[in-house]
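None of these values were measured; they are calculated from a predicted model. In the text below, chain A, chain B and the rest are named by the order of the sequence lines, each starting its count at 1.
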Amino acid sequence: MDYKKTLSLPRTKFPMKANLAKREPEQLKKWEEDGLHDKVRKSAKGREQFILHDGPPYANGNIHIGTALNKILKDIIVRSRQMAGFDAVYVPGWDCHGLPIEHNVDKELGEKKKGMSQADVRKLCRAYAEKYIDIQRDEFKRLGVMGEWENPYLTMNYAYEATIARECCKFALEGSLFRSKKPIYWCCDCKTALAEAEIEYYDAASPSIFVKFLLKDDVSNDFPALAGKKIFMVIWTTTPWTIPANLGIALHPDFEYVAVDTGKGEVFVLARELVENCMKTFGFSDFSIIADIKAADLERKRCAHPLYDRESLIVLGNHVTLEAGTGCVHTAPGHGREDYEVGFEYGLDAYSPVDDRGCFTDEADFFEGKFVFKANKEINAKLQENGALLAEENITHQYPHCWRCKRPVIFRATPQWFISMDKTGLRRRSLKEIDRVNWIPHWGRERIYGMIENRPDWCVSRQRAWGVPITVFYCDKCESLLMNREIMDNIFDLLKEHGADIWLEKDVKDLLPNGATCEKCGSSSFIKETDILDVWFDSGVSHAAVLEQRQNLKWPADLYLEGNDQHRGWFHSSLLTAVGLRGSAPYNAVLTHGFVVDKSGKKMSKSLGNVIAPGEVIDKYGAEILRLWVSATDYRDDIRISENILKQLSDAYRRIRNTCRFMLGNLSDFDPLKHAVPLESMPDIDKFALHTLQELIGKGRKAYETYEFHVIYHSLHNYCTVDLSAFYLDVLKDRLYTSPPKSVKRRSAQTVMHTILDTIIRLVAPILPFTAEEVWKFMPAREGKEESVHLSDLPVGNAAWKNPELAEKWDFLLEIRKMMSKGLEEARAKKLIGHSLDAGVIIGGNEEMYERLSPYQEDLRAMSIVSKVSLVEEEIIGNEGTNGKEMPTTEVIEGLSLLVVPAAGNKCERCWICDPSVGKSSKHPTVCTRCQGVLAEIES
RNA sequence: GGGCCUGUAGCUCAGUUUCGGUUAGAGCGCACGCCUGAUAAGCGUGAGGUCGAUGGUUCAACUCCAUCCAGGCCCA
């Protein structure tokens with residue numbers, strides 16, 4: 001007789017091989033056809049909301065691994081909150097304006113651009129953004145990210161553009177928006193402002209000059225040694241043409257300065273460390289240091305400008321270095337970033353007597369009309385003439401050039417728009433609000449606090465085409481800003497209907513109400529600003545354009561989640577716009593993740609050749625593996641990815657998948673509605689399994705709540721391998737396969753397996769949505785089983801399953817099991833046994849152990865999968881067995897020892913357990929008594 | 001150069017509420033073995049770490065302090 005046919009072996013069509021790359025797209029299609037997202041949304045109606053507000057990725061290029069990480073994390077959160085009983089809708093967004101798109105469109109156009117209007121260019125930019133939104137949308141959907149993909153928010157939507165303009169107007173109304181000069185990169189040839197990204201650095205030759213400035217203020221009180229002397233501050237610069245714009249000399253507050261008597265009747269002030277070199281350059285050999293000077297003692301003292309009848313103020317700044325020059329830095333706030341910033345602190349003007357062709361204006365007097373680079377020589381000559389030039393050399397250094405025409409660029413102050421950090425207390429209020437927000441990890445608070453505390457006013461204007469204009473007017477006569485509610489509302493309505501292009505198309509008179517006059521000077525002539533807004537302003541008002549305006553969202557959001565670079569970016573700009581115009585932060589919590597790095601922790605870059613693209617991972621392993629990768633790591637730090645890591649994860653995936661498959665196979669004849677066994681009728685090991693499961697649920701739910709997904713991954717993986725595969729399910733095999741199919745003990749095991757599977761599948765659904773659904777479809781119907789796992793809830797622990805006393809007992813039994821498997825392994829090594837069922841084990845215990853274990857002899861046998869366990873009350877160690885066929889082990893647990901012996905009797909052909917009863921029956925001579933009983937039951 | 005952060009076995013993570021205590025754990029991978037009734041599966045055993053480095057505080061440091069090294073993000 002073929003007894004195998006009398007067994008209940010696992011049966012399932014659930015495929016062992018996942019074939020994710022192929023099956024995932026099919027699943028996505030199915031979900032779409034079934035309208036799953038709508039169903040999920042409907043099912044959540046009326047529940048408490050949980051809103052994760054999406055930070056918009058830039059609509060340019062394909063997504064990279066970091067974008068994938070970000071979106072998967074968001075998806076895990078949204079799905080888990082949804083399954084935790086919230087109404088968690090996800091509205092994805094895109095950042096559409098800005099330089100990179102404009103730049104790429106420029107590149108594509110090449111020469112053609114010259115004949116095109118700004119409106120035409122803007123149209124192309126819009127089309128460009130649309131193209132990449134479609135591409136990225138498909139990529140995000142492929143990752144399994146669920147959301148309102150058909151109704152995302154785009155910063156270039158008309159309504160969004162209108163909101164951007166309105167929020168900007170509100171800053172004007174509220175008094176924070178102001179116009180002021182600031183130096184920016186300027187190409188004199190293209191006559192355009194350039195962004196940092198449009199600058200290329202090449203080596204270039206520059207003149208390098210040392211110039212002395214006469215100190216006008218008397219310092220003899222502080223430095224008696226200098227009384228009556230002619231004192232000069234000595235500066236060094238490689239841009240002589242900025243000397244006409246000099247308004248200051250900067251010293252480092254911490255450097256040591258000295259007064260040097262040149263031996264020629266003059267005293268020079270410079271940094272001590274640079275004296276030797278400088279004097280050599282100037283050709284003075286007979287010099288002497290006559291005083292030590294602290295920078296602070298010279299602060300705000302005044303010098304005479306060497307060319308004009310003007311003063312130059314001594315200021316202190318940390319940007320001063322000792323790498324070259326004199327330690328006294330020529331400061332022209334209109335022509336340098338740092339000069340501007342230090343000048344700002346001392347109230348110096350961003351003076352820049354240079355026009356948009358790079359020629360001096362009449363303010364520069366002698367040099368009027370001269371192109372700045374050509375004027376260098378004349379300026380040097382003039383300095384020489386005035387006796388201010390100490391030395392002149394030529395040097396080669398890295399100098400910024402225009403990306404387009406490759407000519408050197410200059411820094412030039414032009415009027416820009418700013419949002420003040422302090423006029424209306426924006427800084428103070430923002431700092432206060434930072435402390436209301438929950439920053440995860442907590443150090444995010446320090447990071448953004450430091451940035452807000454120290455940042456300069458926000459320069460929001462850009463001299464660009466692709467963006468939303470700063471929709472304000474200023475007086476043609478006195479330059480005062482014109483803005484009121486009526487104007488603002490009108491602009492909002494116009495843009496909402498026509499988009500931002502309308503601002504550029506229409507004349508001032510069509511945009512302004514009739515009879516508008518300047519409050520300050522009464523003029524009725526106004527200029528329409530055509531600069532556009534910084535794109536950080538665009539995305540920074542998403543809370544106003546999206547959270548506030550969509551019915552299904554709320555303000556503030558529960559959570560913002562981005563990479564930790566966004567403390568300077570989106571978190572920052574969102575905070576400022578929200579605090580500035582609404583008085584509080586637009587988020588209650590901010591979660592950050594690190595950056596994706598390679599296997600050795602280095603950043604990914606094309607030049608290093610260590611880039612891993614999400615598409616490649618998906619094609620090779622599937623999106624689920626990428627998602628598992630996201631869940632497995634502690635994303636609060638940087639996250640490594642490598643072939644090895646992905647391989648490890650797909651191994652882990654297979655383990656989880658196979659564990660599910662095994663359970664499915666053993667549930668093929670199980671109907672939970674009819675066959676479920678109540679807890680009280682279950683054997684202890686089943687109760688113990690449910691106890692363990694209940695602990696997993698608790699851990700998992702808590703981890704979702706605190707966004708610690710790696711805890712879920714590790715717990716679940718450990719659970720599948722250690723608790724299930726290596727223990728519970730392995731032990732269960734005998735019961736499942738050999739018992740009468742409908743017996744209570746088999747049904748009990750199935751009840752538990754069904755519960756376990758139902759639980760872990762729902763627990764893992766936010767992380768592995770594809771696989772969870774695949775398993776879900778294979779699971780038998782139960783009461784209230786939803787059509788999709790994604791319509792179900794996270795598992796809830798059952799208090800009745802909790803059984804700490806039982807768990808303590810079984811943990812101890814597991815220790816003994818561990819000891820037994822060591823013993824079995826030794827026996828195996830000696831070729832005494834092969835399969836563990838070939839063995840019997842004699843456990844010797846002292847009185848206490850014997851008492852404690854005697855109720856569990858059969859449990860110990862079953863859980864160790866041996867043919868027999870006999871418990872004896874004696875010490876076995878040293879009791880060398882008979883015939884070399886016994887394997888004593890050393891005492892591992894105090895009071896316990898054991899002996900592995902070949903199992904007595906013959907192997908039952910049906911259940912493979914060795915038992916003396918095998919061979920006793922005439923009907924079934926190769927089968928044990930137990931199986932004979934089962935066979936009789938089956939036959940009847 | 002500055003701000004914030006990270007550095008525990010080959011890999012991914014634990015290491016017991018901010019504030020030190022004895023032989024630093026898990027899973028994977030690897031090696032070896034078993035099984036062939038989860039089978040392109042399953043089980044077992046084993047070998048892997050001077051806790052980035054150095055110095056200090058302490059009876060005692062992966063844990064506290066300092067410096068350094070390596071790496072990341074953001075500034076300059």
**Prompt:** Hey, is Y737(A) doing a stacking thing with G37(B), by the 5.5 Å centroid and 30° angle criteria?
**Reply:** no
**Prompt:** With rounding to whole Å, what would you report as the distance between G21(B) and U16(B) at their P atoms?
**Reply:** 8 Å
**Asked** In terms of side-chain heavy atoms, does D686(A) have a donor or acceptor partner in Y728(A) at a distance below 3.5 Å?
**Response** yes
**Request:** Let me know the distance between CZ of F727(A) and P of C43(B), rounded to the nearest Å.
**Result:** 13 Å
**Message:** By the 4.0 Å heavy-atom rule, please label S600(A) as base, sugar-phosphate, or nothing.
**Reply:** nothing
**Message:** Given the structure, check if the side chain of T12(A) and the base of A38(B) hold any donor-acceptor pair shorter than 3.5 Å.
**Reply:** no
**Asked** Any chance the side chains of H64(A) and T67(A) put a donor and an acceptor closer than 3.5 Å?
**Response** yes
**Message:** For a quick check under 3.5 Å, do T771(A) and Y653(A) share a side-chain donor-acceptor pair by atom type?
**Reply:** yes
**Message:** Need one value for G665(A): base, sugar-phosphate or nothing, where a base atom within 4.0 Å counts as base even if backbone is also close, heavy atoms only.
**Reply:** nothing
**Message:** With a 3.5 Å limit on both atom pairs, tell me what G20(B) is paired to, counting Watson-Crick and G-U wobble, or say none.
**Reply:** none
**Request:** Applying ring pair (Phe, Tyr, Trp, His ring centres under 6.0 Å), run through Y340(A) and H335(A) and close with a yes or a no.
**Result:** CA-CA 7 Å; Y340(A) 169 78; H335(A) 292 296; over 10 Å; no
**Request:** Describe the nucleic acid contact of E909(A) in one word from base, sugar-phosphate, nothing, applying a heavy-atom distance below 4.0 Å.
**Result:** base
**Asked** Is a donor-acceptor contact shorter than 3.5 angstrom present between the side chain of R655(A) and the base of C28(B)?
**Response** no
**Prompt:** Rounded to whole angstroms, how far apart are CD1 on I656(A) and C1' on U12(B)?
**Reply:** 13 Å
